[in-house]
Amino acid sequence: QVQLVESGGGLVQAGGSLRLSCAASGRTSSPYAMGWFRQAPGKERKFVAAISWSTANTYYTESVKGRFTISRDNAKNTVYLQMTGLKSEDTAVYSCAAKRARSGRLLSSYDYDYWGQGTQVTVSS
């Protein structure tokens, strides 16, 4: 009964910005962490960013450091990914996910329990 719905994707020129949102609904306790992953055509799904729910500690893959910012709003049950300085290499379907347990790896998609449908981000060259 937990649902995650992403929004905010679209087409943007290289160097531009987008803000992705992920709204959670359903009866559930707070997750240990929420993260963003992306999957480009023909490639595996990869970690982008994560935020621990209680402390708001943030983590990023090296390629997006300084360009992307993950944040959360507890009252709105929403996590955001602010993306700036977008590159063609950022083109992918972006999905948000919730990790219930402290165990496992924060950067591993296999250790997350709930997933949204994804939102397409396309960066034109």
Rounding to 0.5 Å, atoms CG (Leu81) and SG (Cys22) come to a distance of 10.5 Å

Let me confirm one number: the OG-CZ distance from Ser30 to Arg100, rounded to the nearest 0.5 Å. 7.5 Å

Are there more than 12 heavy atoms of other residues, nucleotides or ligands under 6.0 Å from atom CZ of Arg19? yes

Shared ILVMFWY cluster between Ile51 and Tyr32, side chains joined below 4.5 angstrom? no

If you look only at distance, which donor and acceptor atoms sit under 3.5 Å apart when one is on a side chain in residues 57-66 and the other is two or more places apart or in another chain?
unit_1	atom_1	unit_2	atom_2	d
Asn57	ND2	Thr55	OG1	3.3
Tyr60	OH	Ile70	N	2.9
Glu62	OE1	Lys65	NZ	3.2

Scanning both residues in full, the closest heavy-atom pair of Leu4 with Ala24 reads CD2-CB, 3.5 Å

Hey, does Lys87 have a side-chain heavy atom less than 4.5 Å from the side chain of Val123? no

Shared hydrophobic cluster for Met34 and Tyr80 (ILVMFWY, side-chain gaps under 4.5 Å): no

Can you tell me if CD on Gln117 sees more than 12 non-hydrogen neighbours from other groups inside 6.0 Å? no

Let me check something: do Tyr94 and Tyr114 share a hydrophobic cluster, defined by ILVMFWY side-chain heavy atoms less than 4.5 Å apart, either directly or through other members? yes

Where do Leu11 and Ser124 land on the side chain to side chain contact (heavy atoms under 4.5 Å, CB included) test, with the steps shown first? CA-CA 7 Å; Leu11 176 65; Ser124 62; 4.2 Å; yes

Spacing of Ser54 atom OG and Arg72 atom CZ [to the nearest 0.5 Å]: 8.0 Å

Inter-residue atom distance Arg67.CZ - Leu86.CG, 0.5 Å rounding: 6.5 Å

Can you tell me how far the OG atom of Ser108 sits from the NZ atom of Lys46, to the nearest 0.5 Å? 13.5 Å

Looking only at non-hydrogen atoms, find the nearest pair between Ala50 and Leu106 and report the distance. CB-CG, 4.0 Å

Out of curiosity, does Val79 fall in the hydrophobic cluster containing Val2 (side-chain heavy atoms, cut-off under 4.5 Å, transitive links)? yes

Report the residues that fulfil ring-ring contact (aromatic ring centres under 6.0 Å, His included) with Phe37, sequence neighbours left out, ordered by chain and then residue number. Phe47, Tyr112, Trp115

Minimum heavy-atom distance Thr84-Ser17, with the two atoms named: CG2-OG, 3.4 Å

Could you tell me whether a side-chain N or O of Asp73 sits under 3.5 Å from a main-chain N or O of Thr78, the two making a donor and an acceptor? no

Note, Leu20 side chain near Glu6 side chain (heavy atom, < 4.5 Å): no

Say you draw a straight line from OG1 of Thr69 to CE of Met83; how long is it, rounded to the nearest 0.5 Å? 11.0 Å

Minimal non-hydrogen separation, Arg102 against Lys99, with atom names: O-CE, 4.1 Å

So, Thr122 and Gln120: side-chain donor and acceptor under 3.5 Å apart, yes or no? yes

